[in-house]
Structures are given as C-alpha cells and as structure tokens.
Amino acid sequence: MIEHPYTELSGGRWLAGNLHAHTTASDGQRDHQAVVDDYAGRGHGFLMISDHDILTDAEDYADFDPHGMILVPGNEITANGPHMLHVGASGLVEPDAERQRVIDGVKEKGGFVLFNHPNWQSRFSHCPQGVMDTCDGYAGLEIYNGVISRLDGSPYATNRWDIMLSAGRRMWGFANDDSHAASGDVGLGWNVAYVKDETPEGVVDALSKGRFYASTGVEITRIEASDQRIVIETENASRIVALRDTGRRVATIDGRTMELEVPEDARYVRFECWGYGEAFAWTQPFFIV
C-alpha cells in the first residue's frame, strides 16, 4: 500500500509561493512593499516574509497591498544555531541553542518549522546532520535554497532528505528563494501547494500536510497513485527520475510522463522532474507500507 499527501486534490487549486524572503527590517535590500510587489508580479499566490528573528504577522501585512496574494505570518529563527523557518507563526519563539526546544516552542505558537539551507557554508554543514537526526517534530527541510547558489556550499540538499527518509522519518522537501538582494534572488525556487482554503491558515495546512511539490521551473500537472502504481505527468520536464531508499534510482525516463510500478521492498519513492538548465520539480515522498 502507498501512503502519500496527494490523496485529496479536489475542491481547491494549485498556488505557487515562496516562504523565505527578507526585507530591510533585517538584512534584505528592499522594504516590505517592494518585496511583495515583486512576488505578486511573478504570479505567486502566497508569500511569507521571513526576517531574522522578527515576526511579520497579519497586523504588519495590513499596512501593505498584497495584490491578491495570501500573506503568511512567520519569521526565520536565526540566533544561536542552524536557521529555521517558522511558518504560520502567531508569535516569536525563543531562539534556544538547543533546537529541539525551538521546535517544542513552535508547537505552542502554532504553524510548523523546517530547517533552512543545511548544505550552506564551505563544509556543507550549516545544519549538522546530527542535529537533524536528533531533533523531532519538524516538518522538513529546504531541499533547494536559491541564495546559496551565490554563496559557499550547495543550494541543494536532497542528499540530507534521503538520509532522513531512509531512516524512516517522514518529512517534506521545500524550495525557497531566501531572497535578500534587489535583483537575482527572486524566482529561483518555490512551492506549489494545493490550497483548499485561500487564507494563511489554508496555505499552512496544505504545506504542513505535504500537499505540494517543490520547483525551480518544472510544472507537474498530474500526480496519481493506486495500489503499487504511481503516475507523474509534467508540462515541461525532459526527464523524470524515480528514487527510493538511500537515494537509489529505480527508474529513469526521457519524457514528460512516468508510470512506475513501485518496488515492493522500497520504504519510499520520490520523483525528480528535470527540465531545461536548472529547472527541476520534486514531489513529496510516497511511503510504502
């Protein structure tokens, strides 16, 4: 049997959005309205301002024109340890050096938390694997962080994701810009969520349940699973790769659609859809039980 987050794709619509953007309130180069204007102009359906240890909530957002976007309250928990996004926050959580205490605090404040850019810095170790292994109760990690493309380390962290999934952990993979600069940091990575209630709470619900895929440019148009068969269809992929435990490839097809009979001995399967240049899309895991 396959367990996956794409079982309820009715009564809503797909919305693209970014959860990691900075303003002049912390270390960004543009004010809030300029950042909102930019993302709205790119067709995003939701956005979260994530300034460092500074909460941007509904009261703050009321001062800006959202241009129809859903603005999600949150912040980036930064001080004293690996950076984390608090998505759907109702208040600030103390940035305790013991990140498990941060995760526990998020449960009290609502929303969910994920680890940011784990492969940032010269030793690819902004978030040590031991921290991710020992912490529990977080939603996932950034498997792509756009700003790291111009910094030390790697913007990609699917290796960390596969380590956790292979250990039996259930968690989601996110793609975000982490935009700081006035140009070049926006439109690099986003999350496409199936949102049924077009409110901040509805976006948080879709993301927390894994009802989304991460993308840097490939659009997924169909996700279906029944018994041991999964179908992935895209608009613009040139190759689709299916991966299982420890990141092993189980199937590769050059084209826009893949139909996979899931190996019975797999613990999970996930799909990477490759497009032109650095355009990718990543599904959430399908767990084999």
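Salt-bridge annotation for R13 and E198: present, with a side-chain N of the basic residue lying under 4.0 Å from a carboxylate O of the acidic one. A salt bridge is defined here as a Lys NZ or Arg NE, NH1 or NH2 lying under 4.0 Å from an Asp or Glu carboxylate O, and D37 with R30 fails to meet this definition. Using a cutoff of 4.0 Å between basic side-chain nitrogens and carboxylate oxygens, D162 and R270 are scored as salt-bridged. For D265 and R244, the salt-bridge test passes: some basic side-chain N is under 4.0 Å from an acidic carboxylate O. Salt bridge annotation for E8-K209: absent, with no cationic side-chain nitrogen under 4.0 angstrom from a carboxylate oxygen.
Figure legend: R170 and F287 shown as a cation-pi pair, the cationic atom lying under 6.0 angstrom from the six-membered ring centre and within 45 degrees of its axis.
Every residue meeting the side chain to side chain contact (heavy atoms under 4.5 Å, CB included) condition with E233, not counting sequence neighbours, appears here in chain and number order: T221, R222, T257. R239 is linked by a side chain to side chain donor-acceptor pair (under 3.5 Å) to D254, counting only residues two or more places apart in sequence or in another chain.
To the nearest 0.5 Å, atom CD of residue E76 and atom NE2 of residue H20 are 3.5 Å apart. Taken to the nearest 0.5 Å, the CG atom of L15 stands 12.0 Å off from the CG atom of N191.
Looking at D177, its side chain does come within 3.5 Å of a backbone N or O of L188 through a donor-acceptor pair. A donor-acceptor pair under 3.5 Å is absent between the side-chain atoms of T56 and the main chain of M48, judged by distance alone. For the pair D245 (side chain) and R267 (backbone), a donor-acceptor distance under 3.5 Å is present.
Ring to ring, F174 and F212 are close: their centroids are under 6.0 angstrom apart.
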- salt bridge (charged side-chain N to carboxylate O under 4.0 Å, His left out) between K196 and D205: does it pass, once the steps are laid out? CA-CA 9 Å; K196 299 183 178 185; D205 179 69; over 6 Å; no
- Item | Worked verdict on T216 versus W282 for side chain to side chain contact (heavy atoms under 4.5 Å, CB included) | CA-CA 9 Å; T216 59; W282 298 271; 3.8 Å; yes
- Task: Evaluate the side chain to side chain donor-acceptor pair (under 3.5 Å) criterion for residues N119 and S154: first the C-alpha distance (whole Å), next the side-chain angles of each, then the deciding distance (0.1 Å), finally the verdict.
- Result: CA-CA 5 Å; N119 284 338; S154 174; 5.1 Å; no
- Task: Starting from the C-alpha separation in whole Å, work towards a yes-or-no answer on ring-ring contact (aromatic ring centres under 6.0 Å, His included) for F286 and F271.
- Result: CA-CA 9 Å; F286 296 75; F271 297 84; 5.7 Å; yes
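Residues N75 and I54 fail the side-chain proximity criterion, which asks for heavy atoms closer than 4.5 Å.
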Would you give me the side-chain donor-acceptor pairs under 3.5 Å for residues 120-129, sequence neighbours excluded?
{"unit_1": "H126", "atom_1": "NE2", "unit_2": "H83", "atom_2": "N", "d": "2.9"}
{"unit_1": "Q129", "atom_1": "OE1", "unit_2": "R160", "atom_2": "NH1", "d": "3.4"}
{"unit_1": "Q129", "atom_1": "NE2", "unit_2": "D133", "atom_2": "OD1", "d": "3.0"}

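Around CG of D63, the count of heavy atoms belonging to other residues, nucleotides or ligands within 6.0 Å exceeds 12.
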